[in-house]
Amino acid sequence: MIYQTPRFLPGGDRFMEVELGDGMDFVLNFRVHSLASAIREEKIKGVIELVPELASMMVSYDPAQISYDDLSKEITRLHEAAGQGEIADLPSRLFSIPVLYFDPWTDECIEDYRAKVAAKTPDPDLICELNNVADRAALRRLHASSEYWVAALGFWPGLCSLMPLDDRARLVAPKYDPPRTWTPKGAIGLGGALTCIYPDQTPGGYQLLARTPVPTFDREQRLSAFKDSLALFRPGDRVRFQPIEREEYDWIEARVEDGSYQHSIIEYQMFSVDRYQSWRSDISRGQQSDISRGQEQVEMAQ
Amino acid sequence: MSSDSVHVLEPGLETAVQELPGRIGYWEQGFPPSGPVDSWSFRLANLLVGNARDTAALECQFLGPTLRLERDVTLAVTGADMSPKLDDQPIAMWTSVKARAGQVLALSAALSGARSYIAFSGGIATEPVLGSRAVFHMARIGGTALQAGTTLPLGTHGDPAFAPKTVAEDARPTLSTDRLWRVECVPGPNDDWLTPDFNEAFFAAEWIIQGKSNRTGIRLTGPEFQFAERAFDKKPEHGQDPSNILDHGYPLGAVNLAGQTPIILINDAPSTGGFINPFTVPSGAFWKLGQARPGEKISFVRTSVSEAQDLARRLDGYASPASLRDV
């Protein structure tokens, strides 16, 4: 559901939460990103930072430069100017991330949890079971078949929330309960309907299915992709997973180690929300039954 | 070898370099601002040594470090009283101290309060990371907490003629003596996920600070939260628990509710997550969060957005040269 006008909620003296709707939905998330870029372009005096999320954004502001009421008026004005119709094209980089599915390191992590915490179904098999996927090979094909949208980043530096742009690749999974105390750096996980790439060795709750040798976070800023930040992704980027075998994994890892690895980043594309929408409705014809089945599973998984 | 630095003999408990305004501009990628929790005491320490008030200085937590000065320096210690000594002689807090190369500054455990700040003339000159020297220790960004045997580079001397100063009594934060902190708190963003009755009860209760607290958050123990209808009657993507909400941004100071455990998110807190934030502690009350100790109590004082903004302005006024007196 998308609200007619944004809802403004105070977070103390210098933060404002702006809710644009209720639910996890592409159109809603695009509107969040589109409003965030409008706010940035407008360079509203006193706005310090924006954290766009799935259906809302957090705004930090300096009350000495703009009042809460004036800030909400400005944002309402930009929201109205954007209208309810077409969403302008968004600049969106496309990253190709090589991944080894069902790799030995996430296996070890899963086995460690199964031995010490809870005897759960191994993560890839659980994902297959819940999503009516025949086997691991089919899971790999399905998971790697779609481009993913970086809907938000947060919780840990560089940790991304990815939504598959192709509904046919929509997979769901419950989160670990209790959470894991450690996850290998570079592990790929699925939780709810979101995929994430663990930027560092951290605790975690998503079901694990793969690992990438490519860093998405680099506190040393060694590789060229990190010259402007320690984190690879920004909200509104897109990601494609490129399945690789162990030999290529080791080769890429060695190039990351020696500092010569260059990320595959396409920087010259705009993302047309309108054309995406019409493509999406084209492919959804005949997929209706599958999608509603997916929805039920989300409800079970949550 | 003498150099423009400070040598770490004992690191203390997660003593780290902090700076203001912190790491700004990377929040949307998940980087918290970090910076000192008690910016009031932090800024006064800098002013006492002739630095700009937001210059990089040390934040000590519960147990302070032992440091050997490698050059002549003016230093000042503010915040919690960790019985600072220079070559075994007690030195005054809230006051500029001229020290010579080779002397040893030692802080011990905090008698009251939790965080002390040590500023050096010229400031600390570690390499900025993403625009700031503030350390986010848990993710090792901008460095880590101090380690024994390492050195901290100092910036160039400030004004050599700078005359020692002290902070006027009425411009210093008063550390709680009755172990009860009255902390200003603004309803929202998600106060409507709780019952109206609980919105009252929250401000009437005394909350106990748990031991499991650090620079990411302060955990509290208190009465059971009572959820309004919308915490149960919601779309499945919000998650199952009444405290779950669709992933959203977390304001600093949020009283973040995970299940039944409220955690006040402070300087190194996660930027986003899937739990509600019914209340938010405003910036003007952060110094209290920085000085409150496990086992002590917090009673929240209902504050409006504009009152919270006035509070921040007043506090900002204290952290100015007008608060200093000649000694």
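Within every chain, numbering begins at 1; the chains are lettered A, B, ... in the order of the sequence lines, protein sequences first and strands thereafter. When reading the values below, keep in mind they use all heavy atoms of this one structure, side chains included, and skip hydrogens, waters and symmetry mates.
- Residues B:F136 and A:R219 have side chains not in contact (no heavy-atom distance under 4.5 Å, counting atoms from C-beta outward).
- Using a 4.5 Å cut-off between heavy atoms, A:D22 contacts chain B through both its backbone and its side chain.
- The main-chain N or O of B:L252 is never found under 3.5 Å from a side-chain atom of A:R14 such that the two would form a donor-acceptor pair.
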inquiry  = Working note: B:E237 + A:L194, criterion side-chain contact (heavy atoms from CB on, under 4.5 Å); need CA distance, chi angles, decisive distance, verdict.
reply    = CA-CA 11 Å; B:E237 56 263 44; A:L194 296 172; over 6 Å; no
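- Looking at A:S56, the atoms closer than 4.5 Å to chain B (heavy atoms on both sides) all sit in the side chain, from C-beta outward.
- Contact check for B:L246 versus A:E19: no side-chain heavy atoms found under the 4.5 Å cut-off.
- Heavy-atom pairs under 4.5 Å with chain B peak, among A:L232, A:L230, A:V150, at A:L230.
- Residue-environment remark: CD (A:E267) exceeds the threshold of 12 foreign heavy atoms within 6.0 Å.
- Counting heavy atoms of neighbouring residues, nucleotides and ligands inside a 6.0 Å radius, atom OH of B:Y318 does not exceed 12 of them.
- At a heavy-atom cut-off of under 4.5 Å, chain A is reached by B:S271, B:T272, B:T280, B:P282 from residues 271-282 of chain B, listed in order of number.
- Between the side chain of A:E49 and the backbone N or O of B:W27, at least one donor-acceptor pair lies under 3.5 Å.
- Looking at B:D241, neither its backbone nor its side chain comes within 4.5 Å of chain A, counting heavy atoms on both sides.
- Only the side chain of A:F217 comes within less than 4.5 Å of a heavy atom in chain B; its backbone stays farther off.
- To the nearest 0.5 Å, atom CE of residue A:M58 and atom CD of residue B:E28 are 14.0 Å apart.
- Taking CG from A:L9 and NE2 from B:H248, the interatomic distance works out to 10.0 Å, rounded to the nearest 0.5 Å.
- Taken to the nearest 0.5 Å, the CZ atom of A:F155 stands 7.0 Å off from the OH atom of B:Y250.
- Contacts of A:L50 with chain B are made by backbone atoms alone, with heavy-atom separations under 4.5 Å and no side-chain atom involved.
- Between A:K175 atom NZ and B:N244 atom CG the span is 7.0 Å, to the nearest 0.5 Å.
- With hydrogens and angles disregarded, no donor-acceptor distance shorter than 3.5 Å links the side chain of B:Q309 to the backbone of A:P63.
- Atom CD of B:Q29 is separated from atom OG1 of A:T216 by 11.0 Å, given to the nearest 0.5 angstrom.
- Of the listed residues B:D247, B:D316, B:V305, B:V129, the one with more heavy-atom pairs under 4.5 angstrom with chain A than any other is B:D247.
- Your options are A:P235, A:A36, A:S229, and the one with the most heavy-atom pairs under 4.5 Å with chain B is A:S229.
- Listed here is the closest heavy atom pair of A:G11 and B:P189: CA-CD, 4.1 Å.
- Interface remark: B:P21 contributes no atoms to any contact with chain A (heavy atom separation under 4.5 Å).
- Within the 4.5 angstrom heavy-atom criterion, no atom of B:A254 approaches chain A.
- For the atom pair CZ (B:R313) and CG (A:D13), the distance works out to 10.0 Å, reported to the nearest 0.5 Å.
- Highest contact tally toward chain A, considering only B:E184, B:E307, B:K234, B:M138, is held by B:M138 [criterion: heavy-atom pairs under 4.5 Å].
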